[in-house]
S.K.: 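Quick one: the structure is below, and I'll ask about it shortly.
No hydrogens, no waters, no symmetry mates; every other heavy atom, side chains included, goes into these values. In this text the structure is predicted, and so the values were computed from the model without any measurement.
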Amino acid sequence: MTEPRPSDLVKDDLPDVDAPTMTALPTEDEVLEAMKDVVDPELMVNVVDLGLVYGVQLDDEGNCTVDMTLTSPTCPLTDKIEYDTKYVLDGLVNSVTINWVWLPPWTLEMITEDGREQLRAIGYNL
């Protein structure tokens with residue numbers, strides 16, 4: 001029988017570095033609020049107020065799936081929007097999956113009143 005090592009006898013309250021950093025499961029509203037920091041690089045308005053976020057699903061483990069569209073299926077900045085989404089949700093959720101959807105197609109009617117005000121402020125006539 002081997003004797004315990006001195007480090008085995010020390011008890012500490014240090015956090016487990018491999019444990020998830022989330023303390024509570026986020027809500028859909030918290031995810032949407034965080035996503036207001038994701039700005040469409042062409043229109044300079046956040047994706048939530050532009051109406052590009054069609055839905056948010058959260059599972060019991062804090063994984064998030066975002067149903068999102070773009071103003072155009074040929075948008076050259078898809079990677080930027082995807083990167084920014086994952087960046088702003090890092091630490092709020094365990095993982096992010098973006099489900100790019102094209103139906104229904106995005107229209108100007110999907111922009112919130114806040115989004116319309118932001119677009120008017122930069123010169124768009126809505």
S.K.: With a 4.5 Å cut-off on side-chain heavy atoms, are V93 and N63 touching?
M.R.: no
S.K.: Would you sort out whether L52 and T71 count as a side chain to side chain contact (heavy atoms under 4.5 Å, CB included), showing the intermediate values?
M.R.: CA-CA 7 Å; L52 299 178; T71 56; 4.0 Å; yes
S.K.: Which atom names give the shortest non-hydrogen contact between V45 and G115, and what distance separates them?
M.R.: CG1-CA, 4.1 Å
S.K.: Just grab all the salt bridge (Lys or Arg N to Asp or Glu O under 4.0 Å) pairs involving residues 32-47, residues at least two apart or on different chains.
M.R.: E33-K36
S.K.: Should D84 and V39 count as side-chain neighbours, where that means a heavy-atom distance under 4.5 Å?
M.R.: no
S.K.: Atom CG in L92, atom CG in L58: separation rounded to 0.5 Å?
M.R.: 8.0 Å
S.K.: How would you list all residue pairs meeting salt bridge (Lys or Arg N to Asp or Glu O under 4.0 Å) that involve residues 112-126, not counting sequence neighbours?
M.R.: E113-R120
S.K.: Got a list of side-chain donor-acceptor pairs under 3.5 Å for residues 96-109, not counting sequence neighbours?
M.R.:
from	atom 1	to	atom 2	distance (Å)
N99	ND2	D67	OD1	2.9
W100	NE1	E82	OE1	3.4
W106	NE1	L50	O	2.7
T107	OG1	E109	OE1	3.0

S.K.: OH/Y124 to CD1/I122 distance, rounded to the nearest 0.5 angstrom?
M.R.: 5.5 Å
S.K.: L32 and V56: side chain to side chain contact (heavy atoms under 4.5 Å, CB included), yes or no, with the steps?
M.R.: CA-CA 8 Å; L32 289 172; V56 172; 3.8 Å; yes
S.K.: How long is the straight-line distance from SG of C64 back to CG of L25, given to the nearest 0.5 Å?
M.R.: 11.5 Å
S.K.: Applying a strict under-4.5 Å side-chain criterion to I, L, V, M, F, W and Y, I'd like to know whether L77 and M44 cluster together.
M.R.: no
S.K.: Report yes or no: do D49 and Q118 form a side-chain donor-acceptor pair below 3.5 Å?
M.R.: yes
S.K.: Apply side chain to side chain contact (heavy atoms under 4.5 Å, CB included) to T69 and M110, showing your working.
M.R.: CA-CA 11 Å; T69 195; M110 296 175 171; 5.7 Å; no
S.K.: Check step by step if side chain to side chain contact (heavy atoms under 4.5 Å, CB included) holds for V66 and M35.
M.R.: CA-CA 10 Å; V66 179; M35 288 194 62; 4.1 Å; yes
